[in-house]
2 protein chains.
Amino acid sequence: MTQPPMNQNVTLAEIAEVAGVSPATVSRVLNGDERVAEHRVESVNRAVRELGYSPSRAARSLATGKTGLIATIIDSNLEVFTDPFWGIVTTAISRTLQKSNLQALLMATPLNKADNMLAASLNSQQVDGAIFFQLHDDGFVAELFKQGLPCVVVGTPKSSKSIPYVDVDNATGARMATEYLITRGAKNVATITGDLAISAGRLRYEGYEAAIAALGQAVDKNLVVNGNFSHESGIEAMEELLDSGVPFDAVFVANDLMALGAMSVLNERDIKVPEQVAVVGFDDMFAAQLGRQKLTTVRQDIEGLGSAAASMIAEMVEGRRPASRMLQTELIQRDTA
Amino acid sequence: MTQPPMNQNVTLAEIAEVAGVSPATVSRVLNGDERVAEHRVESVNRAVRELGYSPSRAARSLATGKTGLIATIIDSNLEVFTDPFWGIVTTAISRTLQKSNLQALLMATPLNKADNMLAASLNSQQVDGAIFFQLHDDGFVAELFKQGLPCVVVGTPKSSKSIPYVDVDNATGARMATEYLITRGAKNVATITGDLAISAGRLRYEGYEAAIAALGQAVDKNLVVNGNFSHESGIEAMEELLDSGVPFDAVFVANDLMALGAMSVLNERDIKVPEQVAVVGFDDMFAAQLGRQKLTTVRQDIEGLGSAAASMIAEMVEGRRPASRMLQTELIQRDTA
DNA sequence: TTTATTACTGATAGCGCTTTCACAAATGTT
DNA sequence: AACATTTGTGAAAGCGCTATCAGTAATAAA
């Protein structure tokens with residue numbers, strides 16, 4: 001409760017004076033330099049406490065060439081706004097960065113046209129590193145990375161895998177989901193895919209494929225229908241599947257949003273879930289738990305995504321070169337399968 | 001497509017040399033000082049372009065005492081993570097700040113115990129201002145504000161109204177919703193309230209009350225049951241309402257999450273919506289449009305909240321003192337009323 | 001004891017910008 | 001024609017730190 005005085009304008013020089021040492025020594029103490037006599041460390045710390053001193057970031061940046069800032073860039077063209085995803089991930093980033101004395105600079109900007117503005121921000125000594133979110137065009141990121149800016153992308157980069165990235169293990173998650181359906185007794189597992197142009201879409205489909213292949217079977221093309229991750233496309237895909245007449249008793253849907261759409265079609269046509277058709281989604285989005293039937297789905301560790309990205313960038317800032325990471329998923333069994 | 005060279009280490013001094021003027025003049029041009037001869041302005045701009053120069057934020061901060069940074073503080077104890085709210089609002093903030101050459105610094109931190117750390121970040125010359133999200137204890141903010149830090153809170157501050165804030169007009173929105181229900185022919189409009197300890201909860205209830213009062217009636221206490229904004233509490237509240245036996249033909253629910261819960265109870269008991277009971281929610285959360293019956297609700301302008309907060313803080317940074325703002329809501333008619 | 005290390009510490013020189021301040025040139029005023 | 005203003009510019013002094021470098025005191029090695 002005893003708020004420290006926290007004077008706005010105390011400078012290192014004043015601390016030096018009060019503590020009776022040179023500015024250099026104060027700086028050493030502040031930065032944890034070992035070889036300072038114990039009694040001086042103490043008197044410096046005391047002065048810091050008493051005057052409520054906290055060093056100026058600007059001055060420090062200017063002197064060191066480090067800003068302590070990490071750009072967190074979201075392509076505002078992207079519609080990540082269907083879920084708490086972005087909030088959770090940025091919060092995790094911010095929290096994790098704090099441990100390395102870094103801070104997150106938020107940048108929402110259309111990635112294509114902003115090239116220049118963004119480049120200006122990133123290229124000069126404005127930030128120590130940058131975290132990008134899955135993007136259509138990662139050529140820009142590759143460029144920056146090559147120029148020496150520490151970068152990590154959340155999601156799987158399209159072109160240059162040389163950029164460190166962190167992603168959810170989409171393929172394994174999808175495979176687990178499909179295998180679960182099979183284990184539950186499904187004979188014909190259909191799938192509604194996401195946008196196959198996006199890595200998450202492709203990989204989830206490949207996971208489905210792998211599960212079928214493990215059975216020694218080939219994928220029946222009639223059982224796969226393409227969606228684009230939208231709720232609407234889930235509805236359409238399920239209608240198409242049903243109308244085609246192919247028999248199926250389970251469906252793996254590439255994300256919850258489409259799964260919810262698919263479920264509403266199933267409900268309308270009075271097809272019992274999971275008795276007649278079992279369904280499992282992917283993402284464990286918030287709304288998955290809202291309906292009268294809660295969705296069985298593959299949960300991705302969103303918070304983990306953020307903190308992994310943050311700690312990777314922190315490593316890079318310190319000069320190391322972290323390996324890309326793949327986060328495990330978890331099958332959440334609920335009402336629909 | 002032609003990426004500018006964008007050299008990492010061009011300094012103002014080099015620009016001065018290339019342009020054949022003094023550093024002071026370069027600085028003037030960069031900052032739009034009027035009284036520089038036209039031909040010099042041009043040669044400076046040319047040099048800037050050719051060398052791909054962009055000024056160092058740190059140096060500028062050190063010289064001016066301004067950082068160009070706005071802290072965006074989210075109390076990580078809070079569960080804002082049920083909706084895209086946070087993502088939308090921060091994106092809007094970031095985008096709006098850019099217009100004033102400011103940037104958003106993200107800080108997710110438990111507000112109570114972090115006092116010290118946060119205070120350290122905010123108090124010294126680390127940021128030019130701060131945006132806070134609705135918080136239980138705004139005493140901390142009041143403190144900072146009194147100390148001269150430009151602050152804006154998103155939501156309605158509990159204690160000190162002297163802090164500039166921006167909020168959705170909860171009362172009017174709730175009143176509109178209730179009146180709509182009445183206009184539609186409802187004779188007995190019930191309400192499920194939110195947490196009345198939170199301003200949004202209280203104000204939405206007051207809006208309901210006002211609509212009833214406008215009819216010249218008093219609120220029938222049997223028609224109001226308290227929830228706490230959670231899905232679960234919506235379910236419970238509706239069960240209570242139904243079990244109590246009080247007749248009602250419409251219900252205004254203080255948020256969509258509870259409304260969705262209430263709806264599922266109505267469905268289970270085969271009560272037709274909106275024929276037997278009309279329902280309208282509040283928030284227009286994403287999931288409101290997902291079910292088979294899309295929720296009629298009061299939309300709040302989340303993006304507006306973010307950009308208002310951002311432009312208010314920008315004004316304050318420039319020394320002005322903006323008035324608090326109240327954002328209008330909009331009734332979105334869908335399937336449930 | 002003399003010399004070579006080691007342990008601490010303080011001057012001091014920037015980091016890259018802004019901003020007085022002073023001054024010259026150009027313009028305006030009696 | 002003499003003086004007072006206004007304009008446009010550069011020199012130079014910081015802004016608050018860090019980091020190099022050199023120097024003194026204390027310790028180890030010869």
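Throughout, protein chains are lettered first and strands after them, A, B, ... in sequence-line order, and every chain is numbered starting at 1. Note that the coordinates shown come from a computational prediction; the quantities given were computed from them, not determined experimentally.
Gln103(A) CD to Asp128(A) CG: the interatomic distance, rounded to the nearest 0.5 Å, is 11.5 Å.
Between dT18(D) and Ser27(A), a contact under 4.0 Å exists linking OP1 or OP2 to a side-chain N or O. Thr25(B) has a side-chain polar atom (N or O) that falls below the 4.0 Å cut-off from OP1 or OP2 of dG10(D). Applying the 4.0 Å criterion to OP1 and OP2 of dT7(D), one finds that Arg40(B) has every side-chain N and O outside that range. Phosphate contact (OP1/OP2 of dG16(D), side-chain N/O of Thr11(A), threshold under 4.0 Å): absent. For Ser56(B), no side-chain nitrogen or oxygen approaches OP1 or OP2 of dG16(C) to under 4.0 Å. Distances shown here put every side-chain N or O of Arg35(A) at or beyond 4.0 Å from the OP1 or OP2 atom of dC8(C). Taking only side-chain nitrogens and oxygens, Arg28(B) never comes nearer than 4.0 Å to OP1 or OP2 of dT20(C).
In this structure, CG of Leu30(B) is placed 15 Å from P of dG16(C), rounded to the nearest angstrom. Atom CZ in Arg57(A) sits roughly 13 Å away from atom P in dC17(D) (whole-Å rounding). One interatomic measurement links the two molecules: CG of Asp33(B) to P of dC17(C), which rounds to 17 Å at whole-angstrom precision. Atom CD1 of Ile15(A) is separated from atom P of dT18(D) by 12 Å (rounded to the nearest Å). Look at CG on Leu12(B): it is 9 Å from C1' on dT18(C), rounded to the nearest Å. One interatomic measurement links the two molecules: CG of Leu62(A) to P of dA19(D), which rounds to 12 Å at whole-angstrom precision. Rounded to an integer number of Å, the gap from CD of Glu38(A) to P of dT9(C) is 11 Å. Atom pair Lys66(A):NZ and dC17(D):C1' shows a separation of 16 Å (rounding to whole Å applied).
Counting only heavy atoms from C-beta outward, the side chains of Thr11(B) and Glu17(B) never approach each other to under 4.5 Å. At least one side-chain heavy atom of Leu305(A) sits less than 4.5 Å from a side-chain heavy atom of Phe85(A).
Between Ala63(B) and Ala63(A), the residue anchored nearer the 5' end of DNA chain D, judged by the nucleotide with its closest heavy atom, is Ala63(B).
Looking at the side chain of Ser22(A), the nearest of the listed nucleotides dC17(D), dG16(D), dA11(C) is dA11(C). Proximity note for His39(A) (side chain, C-beta onward) versus dT18(C), dC15(D), dT9(C): the nearest is dT9(C). Relative to the side chain of Val21(B), the nucleotides dG10(D), dG14(C), dT9(D) differ in distance, and dG10(D) lies closest. Taking only side-chain atoms of Val36(A), from C-beta outward, the nucleotide of dG16(C), dT9(D), dT9(C) with the closest atom is dT9(C).
With respect to the salt-bridge test (charged N to carboxylate O, under 4.0 angstrom), the residues Lys99(A) and Glu315(A) do not qualify. A salt bridge links Arg95(B) with Glu303(B): at least one charged nitrogen is closer than 4.0 Å to a carboxylate oxygen.
Within the 4.0 angstrom heavy-atom criterion, only backbone atoms of the sugar-phosphate kind lie near Thr64(B); the bases stay farther away. Counting non-hydrogen atoms under 4.0 angstrom, Ala24(A) reaches a base of the nucleic acid.
A donor-acceptor pair under 3.5 Å is formed between the side chain of Ser311(B) and the backbone N or O of Ser307(B).
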